[in-house]
Amino acid sequence: MDEHQHEVIARWERRWLVTGIVMLVVFVVLIAYSLITQGGHIVHGGGKMSPAEAQNVPLFATPGVREVSGGEYQVGVVARAFAFNPSNIVLPVGARTRFYLTSVDVLHGYLIEGTPVNIELIPGQLAYFDYTFARLGTFHVVCDEYCGINHQNMVGTIRVLPVAEYRQQQAAGNLPGHVAAPAASGSAAAGQAAAPVDGRQVFDANCAACHQTNGQGHPGAFPPLAGHAPSLYRADRAYPVDALLYGLQGPITVAGKDYANAMPGWAHLSDAQLAAVANYMMHAWGNDAALGAGYRPYTAKDFADARGTSMSAADVHAIRAKLGLP
Ligand code: CUA
């Protein structure tokens, strides 16, 4: 091969290299663009949720729609061949809603037509995502993973109503798939901003679906807070603040049991609500005995100051590991 041939080959190599890089950039830009314009969001899958465990967690033992603090909603959905439970739900327009889903038999899908939501429901896994329905109407839900002979009948609906009509239907007891909220929580929190926040109400409305009202969680699925929360405070007072704001994702061990589910962040709760629920968790279920003297109660300012660092749930897990927590 002479000098000229080398030169030609090198030129073509450079061209292909440039072409490859340009294509890569175009793909990244397209993906970013579609995520932004289609209200893209990340679906969190997190660890284990065996069918037996799902039966014992309130969220899935009594699946359905729960109104939580501040006019937000939690939806628990159990998929099994060949239906979603609940299959038909109703939500008010504009309400931030956190969906938790699991399959108790085979692979299913959860596709909400007309939205970017399209989730794989893997048996033994927990999936969750946040979505706000910004427009009125009936959205069809379909299972889009072939799951057996009646797969095509595995459908549901989500009806999105104006808030006033939603409240009317609620008062008339006409909302399918709704689970009664824990006593007085939502209305009390929404009503008077000046009234002190009851940490127990915040906990029962938001956290108890997984950790249970008695703080026991469920072995293998959700860690207990009873007998555990004070050790987090003692490791680092700032750690529970980060975990509440930003969630936690990664394998942990609590009281000798392994957990791999992800906890979502709760930054959408107010600083006062977060402080109240943190203090409640530290004192409830006999935890106060393990807290020791000199406990410094959490304040709304603790949470206000920790906002804006925009940590991920995985970052919180790294902090947790650094503190030497198992
Ligand atoms: Cu379930 Cu297809």
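The figures here come from the full heavy-atom set of this structure, side chains too, leaving out hydrogens, waters and symmetry mates. Predicted model only: the values in this text are computed from it and were never measured. Atoms within a ligand are numbered from 1 in the order they appear, just like the ligands themselves.
Note: Tyr73 and His178 have perpendicular aromatic rings, judged against thresholds of 30 and 60 degrees for the angle between ring planes. Phe203 and Tyr280 have tilted rings, their planes meeting at an angle from 30° to 60° on a 0 to 90° scale.
When distances from atom 2 (Cu) of ligand 1 to the N, O or S atoms of His151 are compared, ND1 comes out shortest. Closest to atom 2 (Cu) of ligand 1 among the N, O or S atoms of Glu145 is O.
Because the distance cut-off is set at 2.8 Å, Met154 qualifies as a neighbour of atom 1 (Cu) of ligand 1 through one of its N, O or S atoms.
By the 6.0 Å and 45° rule, Arg237 stacks over the aromatic ring of Tyr298.
Remark: the Asp288 side chain and the Tyr295 side chain contain no N/O donor-acceptor pair separated by less than 3.5 Å.
Annotation: angle subtended at atom 1 (Cu) of ligand 1 by His108 ND1 and Cys147 SG is 100°, to 10°.
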